[in-house]
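Since the structure comes first, as C-alpha cells, the remarks are kept for the end.
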Amino acid sequence: MTWLHWLGAAMLFLGSTAAGFALRQELRLRLRLLTAVIDSLNLLRSDIVGRLLPLPEALRHLAASAPEPLSAQYAALADSITDGDRPFSGSWAAAFQALDMLAPDVRTALLTLGEQLGKYDAQLQRCALDACIETLQAAAARMQTDTAQRGKLFCGLGATLGLLAAVALF
C-alpha cells in the first residue's frame with residue numbers, strides 16, 4: 001500500500017463525515033429559522049395589540065429586528081402594503097413561499113395567518129397570531145427532537161459509510 005492509498009482513504013472518510021455534519025447543520029439552520037419566525041410573530045403581536053401600531057409600521061419594526069432572510073421579507077411586506085398593487089395576503093403568501101426551508105405545516109399556518117392580518121381589529125388579529133404561534137411552537141418542539149435524533153444519525157452514517165468505503169478500497 002502506498003501513501004496515496006492511505007491519503008485517498010483518509011480523504012474519503014473525512015469527506016463523508018463532513019457531509020454528515022453538513023446535513024446536521026442544515027437541520028439546525030431550519031430550527032433556527034423557525035425559532036426566528038416565532039420570535040418575530042411574538043413581536044408583531046406585541047406591536048399590534050400592545051402598541052396598537054398599524055400593520056406597515058409593525059412590519060417595518062420587525063424588519064429592523066429580525067435576522068436574515070426574515071428582515072428582507074418583512075421589509076418587502078411593509079412596502080407592498082403602502083404600494084397597494086396587490087392584496088396583502090398575496091404578498092404575505094409570496095414572502096413565506098420563498099422560504100423553502102420551512103416545513104409544509106408551518107407554511108400552511110403562516111399562510112392562514114396572512115389571510116387574517118390587517119383585515120380585522122387588534123383583538124381578532126391577536127387571536128390569529130396566538131393560534132399561529134401555538135402551531136409553530138408545537139412544530140418547533142417536534143423539530144427540535146427530530147434535529148437531535150437525525151443529526152446524530154447523519155453524523156454517524158457519514159462516518160460509517162466513509163469508513164466502509166475506505167476499507168472497501170483496500
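Here, residue 1 is the first one in the sequence, and each next residue gets the next number. In this text the structure is predicted, and so the values were computed from the model without any measurement.
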query = So does Arg142 pair up with Asp105, basic N to acidic O under 4.0 Å?
reply =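 The answer is yes: the pair qualifies as a salt bridge.
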query = Should the pair Arg126-Asp130 be classified as a salt bridge under the 4.0 Å nitrogen-to-oxygen rule?
reply =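 Looking at Arg126 and Asp130, the cut-off is met.
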query = Is Gln144 atom CD crowded by more than 12 heavy atoms from other residues, nucleotides or ligands, each under 6.0 Å away?
reply =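 Incorrect, the count does not exceed 12.
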ask   = Is the number of heavy atoms from other residues, nucleotides or ligands within 6.0 Å of CD (Gln25) greater than 12?
value =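 More than 12 heavy atoms, drawn from other residues, nucleotides or ligands, come within 6.0 Å of this atom.
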Pair Ile133-Gln137, side-chain contact (heavy atoms from CB on, under 4.5 Å): steps then yes or no = CA-CA 6 Å; Ile133 290 169; Gln137 286 174 337; 3.8 Å; yes
task = For Leu44 and His61, run side-chain contact (heavy atoms from CB on, under 4.5 Å): C-alpha distance rounded to whole Å, both residues' side-chain angles, the deciding distance at 0.1 Å, then the answer.
result = CA-CA 8 Å; Leu44 181 63; His61 184 237; over 6 Å; no
query = Do the rings of Tyr74 and Phe96 sit parallel, tilted or perpendicular, given the 30° and 60° boundaries?
reply =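 The arrangement is perpendicular - the two ring planes meet at more than 60°.
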Is the shortest side-chain heavy-atom distance between [X] and [Y] below 4.5 Å?
X      : Y      : result
Leu117 : Leu113 : yes
Leu29  : Leu33  : no
Thr135 : Thr108 : no

query = Between Ser71 and Glu68, do the side chains contain an N or O donor and an N or O acceptor separated by less than 3.5 Å?
reply =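 Distance-only check passes for Ser71 and Glu68.
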message = Once rounded to the nearest 0.5 Å, what's the spacing between atom CG of Leu23 and atom CG of Leu157?
response =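 The CG atom of Leu23 sits 10.0 Å away from the CG atom of Leu157.
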